[in-house]
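Here is the structure we will look at, set down as structure tokens.
Chain A is the first sequence line, chain B the second, and so forth, proteins listed ahead of strands; every chain is numbered from 1. Fair warning: this is a prediction, and the values are worked out from it, not measured in the lab. All heavy atoms count here, side chains included; hydrogens, waters and symmetry mates do not.
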Amino acid sequence: MTMAESTAATESSHEVHHHKEPDFWSKYVFSTDHKMIGMQYMFTGIVMALIGGYMAYVFRMQLAYPGEHVPGFGTVTPLAYNSLITNHGAIMIFWVAMPILIAALGNFLIPLMIGCDDMVFPRINRLSYQIFLISVIVLISSFFVPGGGFGGAWTAYPPLSAQSQYNLTPFGAPLWLLAVALEFVAFLLGGINFITTTMNARAKGMKMYDIPIMVWMIVIASLLFMASVGPLIAGAVMLLFDQTLGTTFYNPENGGDPVLWQHLFWFFGHPEVYVVLLPAMGAVAEVICVFSRKKLFAYKTILYTTFATGILSFFVWAHHQFIAGIDPRMAHVFTVTTVIISIPIAEMLFCYIATLFGGSIELRTPMLFALAFLAEFLIGGVTGIYLGSSGMDIYFHDTYFVLAHFHYTFFPIAIIGFFTSIYYWFPKMFGRMMNETWGKIHFWGTIIPFNCIFLPLFVLGMAGQHRRIYNFKNFPDLATPDLHNLRIFATWSAVVMLVFQIPFMINFMVSIFRGKKAGKNPWKANTLEWTAPSPPPHGNFKELPVVYRPPYEYSVPGREKDYWPQNEPN
Amino acid sequence: MIESLLDNVSTYGGKIDNLFTLITIIVGVWFILAEAVLFYFIIRYRRKEGVKAQYVTGEKKKEHNWIAYPHYLIILCDIVIIAGAVMVWYEVKQKLPPADEIIRVTGRQWSWIFTHPGPDGVLDTADDIETVDKLHVKVDTNYHFQLESKDVIHSFSVPVFRLKQDAIPGRVITGWFNPTKTGEYDVQCAEICGIGHGIMAARISIETPEAHQAWLDEQSKMDQTQRMAMSAENQIENREDNDNG
Amino acid sequence: MAFTAPLATARSATDIPTGRLATWWVVVSEIVIFGGLVVCYIMFRLHHTDWAEHASHTSTTAGAFNTFVLLTSSLFIVLAHQAASARDLKKAFRYIWFTIGGGCIFLVVKSIEWTNEISHGYTLFTNNFWSFYYVTTGLHGLHVIAGMVIMAIISIGVKKGEHLPRVEYIGIYWHFVDIVWLFLFPLFYIAK
Amino acid sequence: MSQEHAHPNYIKIWAILTFLLFVSIVGPMAGIQAVTLITAFGIAVVKAAMVGAYFMHLNIEKRYVWYMLFTALIFLGLFFFGTSPDVLKAEGTNWVNPSPEQAHAETDGGGSHH
């Protein structure tokens, strides 16, 4: 650690730099400050979430009242329907879950949590956001080109996605793919930054096991992303050439192979699930420790199981393709690996539940969301066992059972995980508290309708209803009134849930300007970000902290206070 | 459990339903247990004035066993589930029983073409009967189907058989089924295949041997163009009925 | 706006300078990108036995010459690194430009090769072998161009004696591009 | 802040690399496939290892950088072994994927293969 000590020595004599007040552009638009870049990612993510939510509203209305005029959209044509579901999926994963959970939280929290003044490469960080913003613009512009937005599902299986005579979106499809590719590049740059920062720029005294779980999770997620996305970037180039120039990498008529794309996609796509899961798990870990005043149960075990999950996630991808034309013998291998992944994940969740044991639980809004994450994610987890079992997947593949299953994982991850973090870190981000009562109204208004949307969809899936069909009237077995009532019920639940986001938005905006002043450490938490002023100035800390202990020393016997910040010498 | 929502009319469908029940019981117990413990902790350990939280690291062996033992049990459950899943998969997808009859199923944007071997029972002969969006099969017969696609990826799904298989252009994939009950049921396309994905609906008619023979005789009298025209007409009628209903 | 590097950049908890650590991560992510493409090519190649005939139309001479050029340019950039760490700025600057020269020769040979093949009717669309050939070598060529541009920028700093460690970082990247070619050469030129 | 380290004789390494390149070109002229495979790909691996070790200084770099790079290669290997049964092969259990030329020749190429 010789190098670290020598730099620490120079740091202690170093004043935190005083800039003159930067103008609007360099403060908000071309900022290199990790906190501002984190905000940019967050607000872009929220806007995209609204677009994605609007799309969900439109196609749910179409499913409940097929062919009727949807208020705020008009009549949904099949082409528009396909484009809506495709972009809803792509947006929610690539432009909501990724930027909010990894980029926004990672940018905002990593330097604060490991006690340094910024990311190691602030300008690459800025570049990462700018590329991301371009990807957003390309994506949105793809809705308005002749032919409309791409409608071949977010998995973009060729030949449908590769040839415009099949998908009928000659401009939408390549633009969509280009947007996804740009987004990958943005997150590769961001990921390298996160990993390098955490490896190299930790505060003096912060050893491996002193790093908060949140930071670990973002770093491991970035590693998974980096290792899995490469083949898909190559594959996306090939698909883009197929679409625009007419090469035949995926065209069977000329010796190409459509199944290759499925492998490339899911080799990335399955680790991607864990890429977004892990940061949400990290945020939940921070929150349940703080609000139950408990040390995280078996920190090291959680860390090892995370690594195990990450590595295992590379061995399971073909369970998405059981019935997609892969060799039946391969299904056995992938069933075994898939079901095995339940072991580390279950162990991780057990550790989280065990953390609550003997605690002093205070049900503030962030804690409610964190607990809801555990309760709801369990449903997503156990229903995954059905789909990972090859024999069962024959029936369930591409039904609403799958759809309900992954919404029970992705909704807790992307939405509940996001609300957990925003309610928890809001005081740090804006220096003010959010309103507690409205927070609770928002909580119940989100969680109850959420279950009302997706529990009926499990039933529809069990009845054999397939995904991505814009009107079930063509299928006599599915057009029964009983099943249709479930669809209507799910749709109205979705509408109710969307309406309940309005209190959140108002609470959020009002609290930024009018909320109660928060002070440095409103939750009495241990991790380093709470030792910085709220909101942290450029350069974060008045004096860069030194770390003396692990991050979760709550309620240590013999101490008067029930928390023990990482940077307090004793 | 699934059967209460949708009939099962194939020989292996019951096994898939049983697998569903098996998994439901195993994961259901775990799920209820985990949720119960979670909610018990939330209620039991609510904040009380003057009560300090305990300091439990989870690193001690005794504490860690609380995690370790359930985790061994999970491995056991996993083995049971894997065994069940693999056996069903092997029967449905891998080991094909000898065929009594072979049909060809071809997906295209956006309809299913079913090629019946006709009276001689052999495909690719002059007496083949091609139909659009209507498959006629005999009850209690081992069928092999050769699945092909003309353009994009489709997925041949017969929910009442619990059967599904993607059709990949360029490949010929063989599968099997054996219907156990007569009746008429949905055939769906389960993989998005363009704007017409939602209308790519077909029907499968499972008939008694006599009824099937009668259908064959009737078809053999017509030539192929007449047959195609007939089935296309039926299809349009069906859709109109549905749209009105 | 003047940019001052944060203190974080100077920290080094791993004992590897931050710039070099990041370069290694860039190499890791590039390995999976090129690797993905090459793995796809290998699978197709083994599936389609008739590709050997197509592969015989690539020019082994040009490929071998380019391998030699890249190996030599790798030598130059490592010599530049050696000179930079001895603070021999002039020598370092000269070797960097030798490396860029190597890159130029590589690209010239490559373009002659492509012209020749296209004029014989082997285009991107002839069959999937040629699609892979153009996409893979094209992607590699883009990396060569990017490396040359970055080197030119770094050489300006070297002249002023600033950011000398960057010579080492670009060197690592350039060697990686070289290694990629070491595998593309047998895959597309020798195996017939 | 590059760490100071002894520099090996780079010219010598370059000379060895050039010689290996020569061998890999001459190898296929023997016309034996096994020899071609060894001289082409075996030598490519050796050359890559030499460039990595001496030019990229992996021999004196921290051990885990080497693990980082190797992990990426392992994942690629994993991808190959998971994908090749479908993409590399022309047929498998209950499926065939004839090349386009063959497909036109034998339209009834289906059936079970096991």
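In terms of modelled atom types and a separation under 3.5 Å, the side chain of A/Asp477 and the main chain of B/Asp186 share a donor-acceptor contact. One N or O on the side chain of A/Asn82 and one on the backbone of B/Gly194 form a donor-acceptor pair closer than 3.5 Å. One N or O on the side chain of B/Lys164 and one on the backbone of A/His397 form a donor-acceptor pair closer than 3.5 Å. Here the side chain of A/Asn471 pairs no donor or acceptor atom with the backbone of B/Gly198 at under 3.5 angstrom. The closest donor-acceptor contact from the side chain of B/Gln188 to the backbone of A/Gly464 lies under 3.5 Å. A donor-acceptor distance shorter than 3.5 angstrom exists from the side chain of B/Gln165 to the backbone of A/Ile323, with no hydrogens or angles considered.
Only the side chain of B/Leu6 comes within less than 4.5 Å of a heavy atom of chain A; its backbone N, CA, C and O stay farther away. Using a 4.5 Å cut-off between heavy atoms, A/Ile85 contacts chain B through its side chain alone, with no backbone atom that close. Heavy-atom distances place no part of B/Val158 under 4.5 Å from chain A, backbone and side chain included. Using a 4.5 Å cut-off between heavy atoms, A/Tyr299 touches chain B through backbone and side chain atoms alike. Only the backbone of A/Ser292 comes within less than 4.5 Å of a heavy atom in chain B; its side chain stays farther off. The contact between B/Cys189 and chain A is made entirely by backbone atoms, counting heavy-atom distances below 4.5 Å. For A/Ile353, the parts lying under 4.5 angstrom from a heavy atom of chain B are both the backbone and the side chain.
For the residue pair A/Glu553 / B/Tyr55, a side-chain donor-acceptor distance below 3.5 Å is found, with atom types taken as modelled. Side-chain contact of B/Thr24 with A/Tyr386: a donor-acceptor pair under 3.5 Å is present, judged by distance alone. For the residue pair A/Asp398 / B/Ser155, no side-chain donor-acceptor distance below 3.5 Å is found, with atom types taken as modelled.
A centroid separation of less than 6.0 Å is found between the aromatic rings of A/Phe322 and B/Trp89. Checked against the 6.0 Å centroid criterion, the rings of B/Phe20 and A/Phe396 qualify as a close aromatic pair.
Between A/Ser342 and B/Asp78, the closest side-chain pair of non-hydrogen atoms falls below 4.5 Å. At least one side-chain heavy atom of B/Arg46 sits less than 4.5 Å from a side-chain heavy atom of A/Leu363.
In this pair, B/Tyr90 and A/His332 present their aromatic rings tilted. The plane angle is within the 30 to 60° band.
Across all their heavy atoms, A/Tyr166 and B/Gln109 have their closest contact at O-NE2, 3.1 Å.
The residues A/Asp257 and B/Arg171 are annotated as salt-bridged, a charged nitrogen and a carboxylate oxygen being separated by less than 4.0 angstrom.
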